[in-house]
Amino acid sequence: MKPLKDKRLSSYLDVESLNKLVIPMIAIQLAISILSMFLNIWLGIIVLILFIILDVLVWRLSNKVGEDLDSYITNLSYRIKRGEHEANIKLPIGIVIYDEDSEIEWMSPYLQSFSKNDESLIGKNIEDVFPGIEIESDFEDEDEDESENGNDEEKTEPSKNIFEWRGNYYKTRVEKDINVIYLENVSNYVEIKDELYKNRSVIGWLYLDNYDEVTKGLDDRAISNFNSLLTTYLSNWARQHNIYYKRIENDKYLLLLRHEELKRLEKEEFNIVNNIREYTSKRNLPLTISIGISYGEASFVELADFAQKDLDLALGRGGDQAIVREVEQEPRYYGGNTNPMEKRTRVRSRMISEALQEQIKQSPTIYIMGHMYPDMDSIGSALGIARIAMMLDQECKVIIDQNEVGSDIQNLLEEIEKFKDTAKNIITPEEAYETVTPEDLVVMVDHHKPSMSIAPDMCEQTNKVVVIDHHRRGDEFPKDPILVYIEPYASSASELITELFEYVSTDGNSINRIEATAMLGGIIVDTNNFSLRTGSRTFDAASYLQSVGANTTTIQRILKEDPVNYLERMEIIKTFEFVSDGMAVAYGGEEENHTQVIAAQTADTMLSMTDVEASFVIVRLNEKQVGISARSLGKVNVQRIMEQMGGGGHLTNAATQIEDQTIEEIKEQLTEIIKEANT
């Protein structure tokens, strides 16, 4: 590189401001010299000569300084130019210049160093060379770390202005006005980010669902052996997955692990849940576990609280499963493929009954509501709670939308009209909205999702909500309920509420015949005539209801099927088809409205057919809603399938309602979910 031809410093200093300083100095020197000559001619000459010598020395010194500075500036300019050149070659920043046709005109040597031997990239289209670059897109400087649907695999992907090319990650910036693309090598940052992501902290709780029941009849030696067996198994599992675990209580463990190990557990679908059940069952000590795990951007205290909520959700769904949730994301479910074991005790029933009575006594009015398109269990359990309130001399209202009921419920309501003390408590959702106050108590029976309620907004109108349900708990739940009684193992909500009567004072008006009949009808319908989800407590409840006047003949008359309904079911069954091994789907016409009861009865009928392990019936409920009823024999968890479509229920009995979609669209979605579940 040739030196720069800059002007001399003497010329650079030849400016007007300096002239104004030099001229007065020379004038002063001349004045002093002339004055000296007047005093002494020789003295004046000597002073003049000294001034001349001084000026010459200053002039030569200034020239020398200018030359040195000029040389320094020239050398500095050369070094800057050379540094720029070296930067283009060695710095991890690539530069690409392209033409109007998006073809490469020039590339920095840094990028060319990654080219293959004898490969020329000049003249090629940018998108062919760099598939990750879109010239027409407006790239943002910030990375976008958000992912859709909580998918963790997407979170490890670089943001949209970072792409991978020949083993490195580059952050891009497109300058469209000058047709230049800048590429910064950020591979180290991506690797660090990925490593930090893998090492994110994960906190979990592992709970032994039925530890007390399993060890209840064992002596101290047997309990010690069982604990040793359990500890050995869990220790091996934790060591294999790099999990730190600590026993906090007899039936509860704290889990600490990395996110990378969590992904491994999810890939294995938390087989520890099934394995430990099978392992202990072989020793005639069938133990089930539940796991709640949380991770994300939160403190350890918050993660522990979130993990506890996930564990509570798992237990509310019947246990024997694992729930994983990232902070502020939807939960992911694993396990839950067996019917929940009976864990309710008489003591718990008594405590719930006493707590419920206390809340009823402290409330001006009690509003009881079941789910939309109510069945016998929904109405029966609501009437049961209303009777408990009346026995405590409290005002109560049962919310029923008589325009949205099936023929069986219509028959039941006609029977209720014969009992004035029961019928007077029934009101419409509109009347409930007009009269409810924040001090009133709202009791949700046979469901726990506010969106499925007959009056969905009632939970927001009061400060006190009680939930009594037998379905596995879903993610949607009332905000801060004061009392929750969810027992997924129970046959029905009517069974749960029947047991509460044992602990209510009989001084008031006891349950009447129609209320007992409705509750027994709820148990019969939900157990399919005591053939599904039936335990000893179910028969105890049924026996009690019969002892207080429940009439099975009335139930048969109420449930008597209209010939039109029978023909409706047959028309739906005509569309019967297998979409996967053992998975059958049937559907109604797009222009025909059916009740949820018809769909449920059709699903039950299909389940009795050869080779059918699970049945799904899709029908239009009204102009906006389509309903799905799902049934299984136990091998298929239809609850998990319905949850993916916004519903819920049990392992063998579930349903959902979907708005603003056609039956064909819903059938396609259901088919895809079923096929994924079977892969």
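Proximity of a side-chain donor or acceptor of E302 to a complementary backbone N or O of S299 within less than 3.5 Å is detected. Within the 3.5 Å criterion, the main-chain N or O of G319 finds a donor-acceptor partner in the side chain of Q321.
In this structure the side chain of V174 reaches within 4.5 angstrom of the side chain of Y98, judged on heavy atoms. E476 is listed as a side-chain neighbour of P450, based on a closest heavy-atom distance under 4.5 Å. A 4.5 Å side-chain heavy-atom check between Y279 and L230 finds every atom pair outside the cut-off. In this structure, V484 and F477 have side chains that are in contact, with non-hydrogen atoms separated by less than 4.5 Å. Proximity of E266 to I293: side-chain heavy atoms (C-beta onward) are nowhere separated by under 4.5 Å. Proximity of I276 to L234: side-chain heavy atoms (C-beta onward) are separated by under 4.5 Å at one or more points. A 4.5 Å side-chain heavy-atom check between E100 and N179 finds at least one atom pair inside the cut-off. Looking at heavy atoms from C-beta onward, L670 lies out of side-chain contact with K667 at the 4.5 angstrom threshold.
Scanning for ring-ring contact (aromatic ring centres under 6.0 Å, His included) contacts around F270 gives Y334, with sequence neighbours left out. Partners of E297 under the side chain to side chain contact (heavy atoms under 4.5 Å, CB included) rule, at least two apart in sequence or in another chain, are R200.
The pair R264-E260 does not meet the salt-bridge criterion, since no charged nitrogen lies less than 4.0 angstrom from a carboxylate oxygen. Salt-bridge annotation for K675 and E672: absent, with no side-chain N of the basic residue lying under 4.0 Å from a carboxylate O of the acidic one.
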Run L257 and Y245 through side chain to side chain contact (heavy atoms under 4.5 Å, CB included) and show every step you take. CA-CA 9 Å; L257 61 153; Y245 82 104; over 6 Å; no
(Q) Please determine whether side chain to side chain contact (heavy atoms under 4.5 Å, CB included) holds for the pair V626 and T662, giving the CA-CA distance in whole Å, both sets of side-chain angles, and the decisive distance to 0.1 Å. (A) CA-CA 8 Å; V626 172; T662 65; over 6 Å; no
Going through the distances and angles, do M444 and M458 end up as a side chain to side chain contact (heavy atoms under 4.5 Å, CB included)?
CA-CA 10 Å; M444 299 171 61; M458 283 293 290; over 6 Å; no
| query | Passes side chain to side chain contact (heavy atoms under 4.5 Å, CB included), D310 versus W205? Steps please. | reply | CA-CA 9 Å; D310 292 337; W205 296 105; over 6 Å; no
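Of the inter-residue distances, the one linking L206 atom CG with D251 atom CG reads 10.0 Å to the nearest 0.5 angstrom. With values rounded to the nearest 0.5 angstrom, Q669 atom CD is found 6.0 Å from I658 atom CD1. The structure places NZ of K124 at 8.5 Å from CD1 of I104, a figure rounded to the nearest 0.5 Å. Here the CD-CD distance, from E659 to Q625, works out to 4.5 Å after rounding to the nearest 0.5 Å. Separation of atoms NE2 (H259) and CD (E326) is listed at 6.5 Å; rounding is to 0.5 Å. Taking OG of S290 as the start and CG of L311 as the end, the distance is 6.5 Å to the nearest 0.5 Å.
Within a 6.0 Å radius of CD in E328, no more than 12 heavy atoms belonging to other residues, nucleotides or ligands are found. Heavy-atom neighbours of Y189 OH from other residues, nucleotides or ligands within 6.0 Å: at or below the threshold of 12. Other residues, nucleotides and ligands contribute only 12 or fewer heavy atoms inside 6.0 Å of the CD atom of E269. The local environment of NZ in K252 is crowded, with over 12 non-hydrogen atoms from other residues, nucleotides or ligands closer than 6.0 Å.
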For residues 641-649, dump all side-chain donor-acceptor pairs below 3.5 Å to protein atoms at least two apart in sequence or in another chain.
| unit_1 | atom_1 | unit_2 | atom_2 | d |
| --- | --- | --- | --- | --- |
| E643 | OE1 | R317 | NH1 | 3.3 |
| E643 | OE1 | R317 | NH2 | 3.0 |
| E643 | OE2 | R317 | NH1 | 2.1 |
| E643 | OE2 | R317 | NH2 | 3.3 |
| E643 | OE2 | Q639 | NE2 | 3.1 |

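Side-chain contact, D320 with T288: no donor N or O sits under 3.5 Å from an acceptor N or O. D457 and Q461 are not linked by any side-chain donor-acceptor pair at a separation below 3.5 angstrom, with hydrogens and angles left out of the test. Using modelled atom types and a 3.5 Å distance limit, the side chains of Q240 and N236 yield no donor-acceptor pair.
The two residues A304 and I203 have their closest heavy-atom pair at CA-CG2, 4.0 Å. Of all heavy-atom pairs spanning L287 and T280, the tightest one is N-OG1, 2.9 Å. A pairwise comparison of heavy atoms in S294 and A307 identifies CB-N, 3.6 Å as the closest pair. Pairing each heavy atom of L265 with each of H241, the nearest pair is CD2-CD2, 3.3 Å. Summarising the geometry of S453 relative to H447, their closest heavy-atom pair is OG-NE2, 2.6 Å, with the distance given to 0.1 Å. Contact between N637 and G335 at its shortest, heavy atoms only, is ND2-O, 4.2 Å.
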